[in-house]
Amino acid sequence: MFQPVSLFIGLRYSRSSKGNAFISFISFFSIAGIAIGLMALFTVSSVMNGFESSLKMNMLGLIPHVEVQAKQHSKTQMNTLKADLEQSPYVDHVSLYRHGEAILQTNKDLHGVLLQGLYDNDGSLYKITDKVVQGNWQSVLNNNYHIAISRYLSRKLGVSLGDKLRVIMPNASTYTPLGRVPSQRLFKIAAIYETGSEIDMGLAFTSGVSLQRVLKQSSSTPPNLSVSLHEPFALDEFIQDSQLILKNFKYTDWRSSQGTLFAAVAMEKRIMSMLLGLIVLVAVFNIVSALTMMVSEKQSEVAILQTLGLTPSQVQTVFMVQGLYNGVIGTAVGASLGILFSLYINELLALVGLNLLSGISLPVKFDALSLSVIALLSLAMSFLATLYPARQAAKVNPAEVLRYE
């Protein structure tokens with residue numbers, strides 16, 4: 001098959017086993033450095049993406065992405081707003097919703113939680129049905145004074161499915177001859193859920209009607225609206241798209257409660273990627289070193305090629321091909337190893353006895369776009385590393401080099 005002469009010579013130089021052993025050693029380490037750095041970047045990126053996706057599913061799936069408060073608005077206005085929001089392409093589901101701070105009390109202990117009162121019969125807004133490990137979610141919504149708590153809370157409070165606990169609402173109270181008494185009621189545990197996140201430590205669910213009664217709210221008090229988005233991270237786009245609909249309403253979003261955590265995860269992912277990228281950068285500098293020494297060693301051969309008709313630009317291309325060859329091989333090997341390592345990272349950790357927690361595995365999610373960008377940046381840095389040595393090779397003067405040959 002026909003090949004341009006510059007490409008042919010460059011590939012011959014790259015594959016040649018003869019020559020300076022020290023230059024070959026540096027070339028090998030440049031390939032190995034790029035491969036190891038890229039493997040680490042692929043693995044860390046995939047694990048961090050999986051961790052972020054797991055957090056998004058387990059935490060943001062159980063809280064409102066946007067909560068529209070019903071204060072100073074009638075039921076008719078809230079129902080109209082609900083219908084308008086459901087038309088948005090960003091919205092997955094809109095549900096009636098109440099919440100209040102509560103204290104769960106048993107004979108063993110007491111614990112403060114955010115008690116959510118739901119009206120959504122299928123639980124689609126919160127994906128809570130997927131997290132229920134004991135009991136029946138429908139009984140929580142269809143029966144008065146039934147509650148769903150996490151497995152963490154059931155252990156802490158010493159209760160199990162079917163037991164009763166006392167729910168105390170500090171912000172709702174009645175006045176008695178003995179003074180102000182917080183509203184309270186016995187609730188039956190009808191379901192136990194588990195997400196494996198910090199949500200388990202402070203969230204409980206009941207029906208909206210039950211919560212309304214415990215909060216001493218009248219039947220005419222409209223509930224808030226809880227908006228679930230198809231993509232929680234598209235919050236800014238949703239707010240921009242719905243600003244005319246929401247302009248007369250007060251609302252909060254998930255960033256007020258969980259924004260700090262996700263910002264920290266994103267920052268950690270960027271910092272780790274930057275630090276691991278330095279491995280690739282160091283390996284790329286090895287390409288510069290190897291090519292510079294190669295140019296110095298091959299000066300007589302370059303001069304002969306020029307006397308045979310090779311132009312300076314073709315000479316430059318020869319060494320660019322040689323340097324880029326190392327970058328392509330290192331990138332291909334590193335990307336392949338990174339994907340394989342990410343796919344079997346939990347098995348490999350178990351093989352060497354590095355189980356993080358029993359029964360818990362590292363989540364992995366491949367993002368084709370980000371992985372492609374990492375690979376392309378590796379190739380781009382390898383290409384840039386070839387420019388200086390190749391340009392020096394193009395400046396070789398055949399008359400000077402061959403004078404004493």
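Model, not experiment: these values are computed from the prediction.
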Undergrad: Which distance, rounded to the nearest 0.5 Å, do you find between the OH of Tyr145 and the CG of Leu211?
TA: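 The OH atom of Tyr145 sits 10.5 Å away from the CG atom of Leu211.
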Undergrad: Indicate the atoms forming the closest heavy-atom contact of Tyr119 with Tyr97, along with that distance.
TA: CD1-N, 4.0 Å
Undergrad: What pairs of residues pass the salt bridge (charged side-chain N to carboxylate O under 4.0 Å, His left out) test when at least one of them lies in residues 222-235, not counting sequence neighbours?
TA: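 Salt bridge (charged side-chain N to carboxylate O under 4.0 Å, His left out) check on residues 222-235 returns Lys56-Glu231.
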Undergrad: For the atom pair CD (Gln243) and CD1 (Ile239), what is the distance rounded to the nearest 0.5 Å?
TA: 10.0 Å
Undergrad: Testing the basics here: between Leu38 and Ala335, what is the closest heavy-atom pair and its distance to 0.1 Å?
TA: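 In terms of heavy atoms, the two residues are closest at CD2-N, 3.9 Å.
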Undergrad: Is the backbone N or O of Ala83 less than 3.5 Å from a side-chain atom of Glu86, with the two atoms forming a donor-acceptor pair by type?
TA: no
Undergrad: Sorted by first residue and then second, give each salt bridge (charged side-chain N to carboxylate O under 4.0 Å, His left out) pair with at least one member in residues 99-117; sequence neighbours left out.
TA: Asp109-Lys156
Undergrad: Nearest 0.5 angstrom please: Ser342 OG to Phe366 CZ, how far?
TA: 4.5 Å
Undergrad: Going through the checks in order, is the side chain to side chain contact (heavy atoms under 4.5 Å, CB included) test met by Leu229 and Asp92?
TA: CA-CA 5 Å; Leu229 305 179; Asp92 178 43; 6.0 Å; no
Undergrad: Taking atom NZ of Lys82 as the centre, does the number of heavy atoms from other residues, nucleotides or ligands within less than 6.0 Å exceed 12?
TA: yes
Undergrad: Without swapping roles, check the side chain of Asp241 against the backbone of Glu237 for a donor-acceptor pair under 3.5 Å.
TA: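 Side chain of Asp241 to backbone of Glu237: no pair is present.
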Undergrad: For Phe233, look at atom CZ and say whether over 12 heavy atoms of other residues, nucleotides or ligands are found less than 6.0 Å away.
TA: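 Correct, the count exceeds 12.
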Undergrad: Does a donor on one side chain and an acceptor on the other come within less than 3.5 Å for His99 and Glu67?
TA: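 The answer is yes; a qualifying pair exists.
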Undergrad: Has His230 got a side-chain atom pairing as donor or acceptor with Val91's backbone, closer than 3.5 angstrom?
TA: yes
Undergrad: Is the Phe249-His73 ring centre distance short of 6.0 angstrom?
TA: yes
Undergrad: Whether the side chain of Ser54 engages the backbone of Pro363 through a donor-acceptor N/O pair (distance < 3.5 Å, no angle test) should be reported.
TA: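 It does not hold such a pair.
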Undergrad: Where the side chain of Thr43 meets the backbone of Met39, is there a donor-acceptor pair that is under 3.5 Å apart?
TA: yes
Undergrad: Which heavy atom of Pro223 sits nearest a heavy atom of Ala70, and at what distance?
TA: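 Smallest heavy-atom distance, with atoms named: O-CB, 3.4 Å.
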Undergrad: Do Val364 and Leu343 make a side-chain contact, defined as non-hydrogen atoms from C-beta onward lying under 4.5 Å apart?
TA: no
Undergrad: Using side chain to side chain contact (heavy atoms under 4.5 Å, CB included), reason through Trp137 and Leu118 one step at a time and then give a plain yes or no.
TA: CA-CA 11 Å; Trp137 171 252; Leu118 309 181; 3.7 Å; yes
Undergrad: If every non-hydrogen atom of Tyr193 is compared with every non-hydrogen atom of Ala204, which pair is closest and at what distance?
TA: OH-N, 4.5 Å
Undergrad: Give the table of side-chain donor-acceptor pairs shorter than 3.5 Å for residues 259-288, with sequence neighbours excluded, one pair per line with atom names and distance.
TA:
residue, atom, partner, partner atom, Å
Lys269, NZ, Asn49, OD1, 2.9
Lys269, NZ, Glu52, OE1, 3.4
Ser273, OG, Lys269, O, 2.9

Undergrad: Please check this pair: side chain of Thr80 against backbone of Thr76, looking for a donor-acceptor N/O pair closer than 3.5 Å.
TA: yes
Undergrad: Should Tyr90 and Ser242 be marked as a side chain to side chain contact (heavy atoms under 4.5 Å, CB included) after you check the CA-CA gap, both sets of side-chain angles, and the distance that decides it?
TA: CA-CA 10 Å; Tyr90 298 97; Ser242 307; 6.0 Å; no
Undergrad: Quick check: closest heavy atoms across Pro64 and Trp254, and the distance to 0.1 Å?
TA: O-CB, 3.9 Å
Undergrad: Phe341 and Phe42: aromatic ring centres closer than 6.0 Å?
TA: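 Between Phe42 and Phe341, which both carry aromatic rings, the centre distance is not below 6.0 Å.
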Undergrad: What residue pairs, at least two apart or across chains, pass salt bridge (charged side-chain N to carboxylate O under 4.0 Å, His left out) with a residue in residues 242-266?
TA: Asp236-Arg255, Asp253-Arg255
Undergrad: Treating Ser336 as the side-chain partner and Ala332 as the backbone partner, does any N or O pair qualify as donor plus acceptor under 3.5 Å?
TA: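 Looks like yes, one N/O pair under 3.5 Å.
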Undergrad: Heavy-atom distance under 4.5 Å between the side chains of Phe238 and Val227, does that happen here?
TA: yes
Undergrad: Is there a side-chain contact between Leu110 and Leu104 (heavy atoms, below 4.5 Å)?
TA: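 Answer no - side chains too far apart.
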Undergrad: Which atoms form the tightest heavy-atom contact between Met320 and Ala390, and what is the distance?
TA: CG-CB, 3.5 Å
Undergrad: Whether the side chain of Asn326 engages the backbone of Ile31 through a donor-acceptor N/O pair (distance < 3.5 Å, no angle test) should be reported.
TA: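 Here the side-chain-to-backbone pair does not exist.
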Undergrad: Would you be so kind as to tabulate the donor-acceptor pairs closer than 3.5 Å made by side chains of residues 158-170, with sequence neighbours excluded?
TA:
residue, atom, partner, partner atom, Å
Ser160, OG, Asp163, OD2, 3.1
Asp163, OD2, Ser160, N, 2.9
Arg166, NH1, Gln184, OE1, 3.2

Undergrad: Working to the nearest 0.5 angstrom, can you tell me the gap between Ile192 CD1 and Asp200 CG?
TA: 11.5 Å
Undergrad: With no hydrogens and no angle check, is any side-chain donor or acceptor of Thr206 less than 3.5 Å from a backbone partner on Ile147?
TA: no
Undergrad: For the pair Ser88 (side chain) and Leu85 (backbone), establish whether a donor and an acceptor sit closer than 3.5 Å, ignoring hydrogens and angles.
TA: no
Undergrad: When rounded to the nearest 0.5 angstrom, what distance separates CG in Asn144 from OG in Ser207?
TA: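 Taking CG in Asn144 and OG in Ser207, the distance rounds to 5.5 Å.
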Undergrad: Roughly how far apart are Ser74 OG and Met78 CE, rounded to 0.5 Å?
TA: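 Result: 9.0 Å between the selected atoms.
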Undergrad: Quiz question: by atom type and distance under 3.5 Å, do the side chains of Gln69 and Asn224 form a donor-acceptor pair?
TA: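 There is no such pair between these side chains.
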Undergrad: Under a plain distance cut-off of 3.5 Å, with no hydrogens placed, do Gln212 and Arg98 share a side-chain donor-acceptor pair?
TA: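 Yes, a side-chain donor-acceptor pair sits under 3.5 Å.
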Undergrad: Test Val214 against Phe187 for side chain to side chain contact (heavy atoms under 4.5 Å, CB included), laying out the working first.
TA: CA-CA 11 Å; Val214 178; Phe187 277 68; 3.7 Å; yes
Undergrad: Under the salt bridge (charged side-chain N to carboxylate O under 4.0 Å, His left out) definition, can you give me all pairs with a residue in residues 142-153, not counting sequence neighbours?
TA: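 Pairs touching residues 142-153 that pass the test: Arg151-Glu194.
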Undergrad: Between Ser378 and Thr331, is any side-chain donor less than 3.5 angstrom from a side-chain acceptor?
TA: yes
Undergrad: Would you say OH of Tyr388 has more than 12 non-hydrogen atoms from neighbouring residues, nucleotides or ligands within 6.0 angstrom?
TA: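 12 or below, so no.
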Undergrad: Given side chains that start at C-beta, do those of Leu203 and Ser150 come closer than 4.5 Å, heavy atoms only?
TA: no
